[in-house]
Amino acid sequence: MSDVIIIGAGPAGLSAAIYVQRAGKQALVLEAMTFGGQIVNTPEVENYPGIKSISGFDFAMALYEQATELGAQVVFDKAVHIVKSDKLWRVVTASEASYEAPAVILATGAKNRKLGIEREDALTGFGVSYCATCDGAFFKGKAVAVNGGGNTALEDAMFLSNACSKVYVVHRREGFRGEPQTLEALRAKENVEFVLNATVTRLLSGADLAEVGSSGVHDPNRLAAIEVTDKMTGEDRILEVEGLFIAIGQEPENRDFADVAELDPAGYIVAGEDCMTNSPGIFVAGDCRTKQVRQLATAASDGAVAALAACAYVG
C-alpha cells in the first residue's frame, strides 16, 4: 500500500512525488495519458528558475526520471473515482483497478480551451501558443495576434506589445471582460490594433500564403497568417502574423472528484496556498486548483507544498 496517491503526472504531480519520496514515504502516481502534462508541447522553456533553456519534453523527462529513481511508482491508468474506505481513500481507475492510501493529491491539471479549428494542433508550437509569458520572447520584433477578451488575453497583449512590432487583439465581442485599466493602457499603444466582433476562422502556414501569391518570405511549416471573420458583416480578413496566442480560458479536469473536493463555479478545486481541500487527506496541486498564477514554477511549488502536507497528515 502507498502512503500518498498522486493523480496526474504533470509538473505538479511529479514534483509532489519527488517530495513524498524524499520525505521517506511511498508515492503512487496515476496518469491517464503520458507524463509531463501540457509542458511537453512547449519547444523551449525559458522561464523556469535556474534553467536558462530546455525543451518541455526534456524537462518532463528529467522530472519523471528523478521521481522514479527516488522510488515513486507510476501507473498509466485513468483515475475515475475516489471513495472513503475506513481510514483510507480508495482510488478506482478506468481499468477497474483500485489503490488505497491515507492521503491523495489531486494534480489533474487544466487544459487550454482550444479554438477547435483546422490545423490548430498541427501548428501548436509552430506559431500557435497558449502562453504568452512562456513563448512571447520568440516573437520579438514580429507581428502577432492574441485571441480572447478576458484578463489573460489583455495581459498577454500588454506583455507582447513591449516586444512585438504589432499586436492584434481579436475578440468576438465589442466589450471586454478584462480589467478596464489594462484595456485603456492597451488602447494607448500605437502597435496594438483591436479586431472586434470577429473570430479566428482559419490558420495559414507559409506554404498557404505562397499559394495565394503573398510577396513575403515565410517558413512553409509555421504559422504565417490568420483569417478572421467579422461576425456582423461576414467579411473575411487576412492578418499576417507569425504568432497566435489563444487566451480563451482553460478547462480543469476535476469533475470525477467533485464528491470529495469542493469545486468553484469554473470547476477548479477550492484550496489556498496550503493546497488543502475541504476533505481531510485530500490535497491539490497545480493548475487544477483555484489560484491567480498558473505557471510551471507555481505548479512545482504546489507539488512540494501538497506533498509535505500529505506526508504530515500520514504521520
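Predicted, not measured: the structure shown is a model, and the values here were computed from it.
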What pairs of donor and acceptor atoms, side-chain ones from residues 261-268 against any protein atom, are under 3.5 angstrom apart with sequence neighbours left out?
unit_1 : atom_1 : unit_2 : atom_2 : d
D264   : OD1    : A266   : N      : 3.0
D264   : OD1    : G267   : N      : 2.9
D264   : OD1    : Y268   : N      : 2.8

Identify each donor-acceptor pair in which a side-chain atom of residues 15-36 lies under 3.5 Å from a protein atom, sequence neighbours left out, and give them as a table.
unit_1 : atom_1 : unit_2 : atom_2 : d
S15    : OG     : P11    : O      : 2.6
Q21    : OE1    : A27    : N      : 2.7
Q21    : NE2    : L70    : O      : 3.1
K25    : NZ     : G315   : O      : 2.3
Q26    : NE2    : G71    : O      : 3.0
E31    : OE1    : A9     : N      : 2.7
E31    : OE2    : M33    : N      : 2.8

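Qualifying disulfide (SG to SG under 2.5 Å) partners for C134, counting only residues two or more places apart in sequence or in other chains: C131. Partners of Q250 under the side-chain hydrogen bond (donor to acceptor under 3.5 Å, both in side chains) rule, at least two apart in sequence or in another chain, are N112. Applying the ring-ring contact (aromatic ring centres under 6.0 Å, His included) criterion to F76, with sequence neighbours excluded, gives no partner residue. Legend: residues meeting side-chain hydrogen bond (donor to acceptor under 3.5 Å, both in side chains) with E120, ordered by chain and number and at least two apart, are Y130.
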| request: Apply side-chain contact (heavy atoms from CB on, under 4.5 Å) to the pair L239 and V228, showing each step before the final yes or no. | output: CA-CA 8 Å; L239 306 177; V228 296; 4.1 Å; yes
| field | Worked check of side-chain contact (heavy atoms from CB on, under 4.5 Å) between I7 and I82 | value | CA-CA 11 Å; I7 300 176; I82 301 175; 3.8 Å; yes
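With a 4.5 Å cut-off on side-chain heavy atoms, V270 and N278 do not count as touching. In this structure, V167 and K189 have side chains that are not in contact, with every pair of non-hydrogen atoms separated by 4.5 Å or more. The shortest side-chain heavy-atom distance between F194 and L183 falls under the 4.5 Å cut-off.
With hydrogens and angles disregarded, no donor-acceptor distance shorter than 3.5 Å links the side chain of R202 to the backbone of E227. The closest donor-acceptor contact from the side chain of D302 to the backbone of A285 lies at 3.5 Å or more, if one exists at all. The backbone N or O of V260 sits less than 3.5 Å from a side-chain atom of S279, completing a donor-acceptor pair.
Heavy-atom neighbours of E46 CD from other residues, nucleotides or ligands within 6.0 Å: above the threshold of 12. More than 12 heavy atoms of other shown residues, nucleotides or ligands fall within 6.0 angstrom of atom CG in D274. Atom CZ of R255 sits in a sparse spot, with 12 or fewer heavy atoms from other residues, nucleotides or ligands closer than 6.0 Å.
Here ring pair (Phe, Tyr, Trp, His ring centres under 6.0 Å) pairs that include residues 226-257, with residues two or more places apart or in two chains, are F139-F245. Counting only residues at least two apart or on different chains, no disulfide (SG to SG under 2.5 Å) pair has a member in residues 251-315. Listed by first and then second residue, the ring pair (Phe, Tyr, Trp, His ring centres under 6.0 Å) pairs involving residues 78-111 amount to none (not counting sequence neighbours). Among pairs with a residue in residues 137-149, none fulfils side-chain hydrogen bond (donor to acceptor under 3.5 Å, both in side chains), at least two apart in sequence or across chains. Residue pairs that meet the side-chain hydrogen bond (donor to acceptor under 3.5 Å, both in side chains) test with at least one member in residues 168-185, sequence neighbours left out, are E174-N197.
One distance of note links OG1 of T124 with CG of L244; it measures 9.0 Å at 0.5 Å rounding. Annotation: the span from L123 atom CG to S129 atom OG amounts to 12.5 Å, rounded to 0.5 Å. Distance CD/Q295 to CG/D287: 8.5 Å, rounded to 0.5 Å. Atom-to-atom distance recorded for T277:OG1 and I282:CD1 is 6.0 Å, nearest 0.5 angstrom. Atoms CZ and CG, on R289 and L106 in that order, are 13.0 Å from each other to the nearest 0.5 Å. Atom CG of L115 sits about 4.0 Å away from atom CD1 of I246, to the nearest 0.5 Å.
Both V314 and I6 are part of a single hydrophobic cluster, where members link through side-chain heavy atoms under 4.5 Å apart. Each of I5 and V74 belongs to its own hydrophobic cluster when Ile, Leu, Val, Met, Phe, Trp and Tyr are linked at side-chain heavy-atom distances under 4.5 angstrom. Under a hydrophobic clustering in which Ile, Leu, Val, Met, Phe, Trp and Tyr are joined whenever their side-chain heavy atoms come within less than 4.5 Å, directly or via other members, L308 and V284 fall into different clusters. Both I269 and V104 are assigned to one and the same hydrophobic cluster, defined by single-linkage of ILVMFWY side chains at heavy-atom distances under 4.5 Å. Follow the hydrophobic side-chain contacts under 4.5 Å out from V4 and you never reach V305; the two are in separate clusters.
Across G243 and L223, no two heavy atoms sit closer than the pair C-CD2, 3.9 Å. The two residues G148 and V169 have their closest heavy-atom pair at O-CG1, 4.2 Å. A145 and I226 get closest at one heavy-atom pair: CB-CD1, 3.8 Å. Nearest heavy atom pair, residue A103 against residue F283, reads CB-CE1, 4.1 Å. Smallest separation of non-hydrogen atoms from P49 and A297: CD-CB, 4.1 Å. Of all heavy-atom pairs spanning D219 and N221, the tightest one is OD1-N, 2.9 Å.
Classification of E242 and R222 as a salt-bridged pair fails, no side-chain N sitting under 4.0 Å from a carboxylate O. We find that K114 and E251 are not joined by a salt bridge, their nearest charged nitrogen and carboxylate oxygen being 4.0 Å or further apart.
Membership of the apolar cluster around L88 extends to M1, as traced through chained side-chain contacts below 4.5 Å between ILVMFWY residues.
Judged by distance alone, the side chains of E100 and S85 do bring a donor and an acceptor atom under 3.5 Å apart.
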